[in-house]
Amino acid sequence: MGSQPNIKTYRHLVWDWNGTLMDDVQLCLEITNLLLARRALPSVDVVRYRDVFGFPLRDYCLRLGFDLRRDSFEQISDEFAEIYEGRRYECPLQTGSAQRLADLERRGVEHSLLSAYGQERLEEIVDYYELTPFFSAIIGLDNDYAQGKVERGRRCMAEMNWAAADMLYIGDTLHDAEVARAMGVDCLLVSQGHQSRARLLSSGFPVVDDLGAVGLFLAGGHDARP
């Protein structure tokens, strides 16, 4: 997996949703600070947020300072989800999301979506942004705690009969890199989402700054490594 990817190598791109195709970083930051304020904990700015956000979410809550002996992880997650669901349509797509999907589709590339978002809500929001026709599969989870993304990815690979050598996973977190490795596929990380470029580079996978660079990178015209 160390060679420079080329668009001809990949027949199927597996996209993450939150932070990769949809820009929900600002909304997540606002809700996080609201939950911290309710508990008299210090707020975080976007730089700090990108430096501490990660999976498993329980560990992320601890890094933020939540006392999980007082408020359970499930309670905090449910509180976050209630606010998020009420405001999720405020989020824009990442710049160029639809255009990038369309451009790559015209070049013979198939797309699917693999997300830690709940299955039903994932299907609803992808449809709201009119992206559903781009995807041969939309794969979410059956819980609200971002647990089971690796298993869902592996299962769908088997069900769809996807060959690992034909696939590239595109995401915005180190967890996406972990999922890609567990699936045995290449990975490209985009640093405009929920984690900083410096953290993403620690994965050993190539990193680009935004979706505009994805097509160029896949065509071999842009070196994403430092």
Rounding to 0.5 Å, atoms CG (Asp127) and CD1 (Ile138) come to a distance of 8.0 Å
What is the minimum heavy-atom distance between Leu200 and Asp172, and which atoms define it? CD2-O, 3.5 Å
We want to know whether Glu79 and Gln75 form a side-chain donor-acceptor pair, criterion being a heavy-atom distance below 3.5 angstrom. no
CG-CD distance between Leu93 and Glu130, expressed to the nearest 0.5 angstrom: 10.0 Å
Give the intermediate values and the outcome of side chain to side chain contact (heavy atoms under 4.5 Å, CB included) for residues Met167 and Met183. CA-CA 10 Å; Met167 297 173 61; Met183 294 170 64; 3.9 Å; yes
Does the Asp210 side chain pair with the main chain of Ala213, one donor and one acceptor, at a distance under 3.5 Å? yes
Can a donor-acceptor pair be found, under 3.5 Å and without considering hydrogens, that links the side chain of Arg11 to the backbone of Glu110? no
Pair Gln192, Arg197 - check side chain to side chain donor-acceptor pair (under 3.5 Å), show working. CA-CA 8 Å; Gln192 64 185 143; Arg197 180 180 179 83; over 6 Å; no
Is there side-chain contact between Met22 and Ser97, with at least one heavy-atom pair below 4.5 Å? no
Looking at every heavy atom in both Ala98 and Phe134, which two are closest together, and how far apart are they? O-CZ, 3.9 Å
CZ on Arg63 to CG on Leu57, rounded to 0.5 Å: 9.5 Å
State, yes or no, whether a side-chain contact exists between Ser196 and Phe53 at a heavy-atom distance under 4.5 Å. no
Answer with yes or no whether the side chains of Tyr49 and Asn33 bring together a donor and an acceptor at under 3.5 Å. no
Applying side chain to side chain donor-acceptor pair (under 3.5 Å), run through Arg121 and Tyr84 and close with a yes or a no. CA-CA 11 Å; Arg121 292 192 293 275; Tyr84 184 96; over 6 Å; no
With a 3.5 Å distance limit and no angle check, can you tell me whether Asp24 reaches the backbone of Leu27 through a side-chain donor-acceptor pair? no
Looking only at heavy atoms, what is the nearest atom pair of Val44 and Leu29, with distance? O-CD1, 3.5 Å
Do Tyr169 and Asp176 pass the side chain to side chain donor-acceptor pair (under 3.5 Å) test, and can you show the C-alpha distance, the side-chain angles, and the key distance before you say yes or no? CA-CA 8 Å; Tyr169 188 106; Asp176 291 315; 2.8 Å; yes
Test Leu62 against Phe73 for side chain to side chain contact (heavy atoms under 4.5 Å, CB included), laying out the working first. CA-CA 9 Å; Leu62 291 171; Phe73 165 68; over 6 Å; no
Can you name the closest pair of heavy atoms from Asp16 and Lys149 and give their distance? OD1-NZ, 3.0 Å
Nearest 0.5 angstrom please: Leu211 CG to Ile170 CD1, how far? 8.0 Å
Find out whether Asn18 and Ser115 are in side-chain contact, i.e. whether some heavy atom of one side chain is under 4.5 Å from a heavy atom of the other. yes
If you count the non-hydrogen atoms of other residues, nucleotides and ligands that lie under 6.0 Å from CD in Glu90, is the total more than 12? yes
Measure the shortest side-chain to side-chain distance between Leu21 and Gln94 over non-hydrogen atoms and say whether it is less than 4.5 angstrom. no
Rounding to 0.5 Å, atoms SG (Cys61) and CG (Asp71) come to a distance of 10.0 Å
Report yes if some heavy atom in the side chain of Arg152 is under 4.5 Å from a heavy atom in the side chain of Leu141; otherwise report no. yes
What is the minimum heavy-atom distance between Cys187 and Pro206, and which atoms define it? O-CD, 3.5 Å
Salt bridge (charged side-chain N to carboxylate O under 4.0 Å, His left out) between Arg87 and Glu82: does it pass, once the steps are laid out? CA-CA 9 Å; Arg87 297 183 58 190; Glu82 181 180 3; over 6 Å; no
Side chain proximity check, Thr32 to Phe80, heavy atoms < 4.5 angstrom: yes
Does Phe66 reach the side chain of Arg58, with side-chain heavy atoms less than 4.5 Å apart? no
Arg199 side chain vs Asp51 backbone, donor-acceptor pair below 3.5 Å: yes
Distance from Ser77 atom OG to Leu35 atom CG, nearest 0.5 Å? 9.5 Å
Whether the side chain of Arg50 engages the backbone of Val25 through a donor-acceptor N/O pair (distance < 3.5 Å, no angle test) should be reported. no
Take Leu122 and Trp17 through the test side chain to side chain contact (heavy atoms under 4.5 Å, CB included) and record every step on the way to the result. CA-CA 8 Å; Leu122 177 63; Trp17 177 249; 3.9 Å; yes
Give me the atom names and distance for the closest heavy-atom approach of Cys28 to His194. SG-CE1, 3.8 Å
Do the rings of His111 and Phe135 sit parallel, tilted or perpendicular, given the 30° and 60° boundaries? perpendicular
Test item: Val126 and Tyr117 side chains (from C-beta on) under 4.5 Å apart, heavy atoms: no
Verdict with reasoning, Leu68 to Ile76, per side chain to side chain contact (heavy atoms under 4.5 Å, CB included): CA-CA 9 Å; Leu68 300 186; Ile76 294 169; 3.6 Å; yes
Before accepting this row, confirm whether a basic side-chain N of the pair Asp45/Arg48 lies closer than 4.0 Å to the acidic partner's carboxylate O. no
Go through Phe55 and Tyr60 one step at a time and tell me if the ring-ring contact (aromatic ring centres under 6.0 Å, His included) criterion holds. CA-CA 7 Å; Phe55 298 87; Tyr60 162 62; 8.4 Å; no
Does a salt bridge link Glu178 with Arg181, judged by any charged N lying under 4.0 Å from a carboxylate O? no
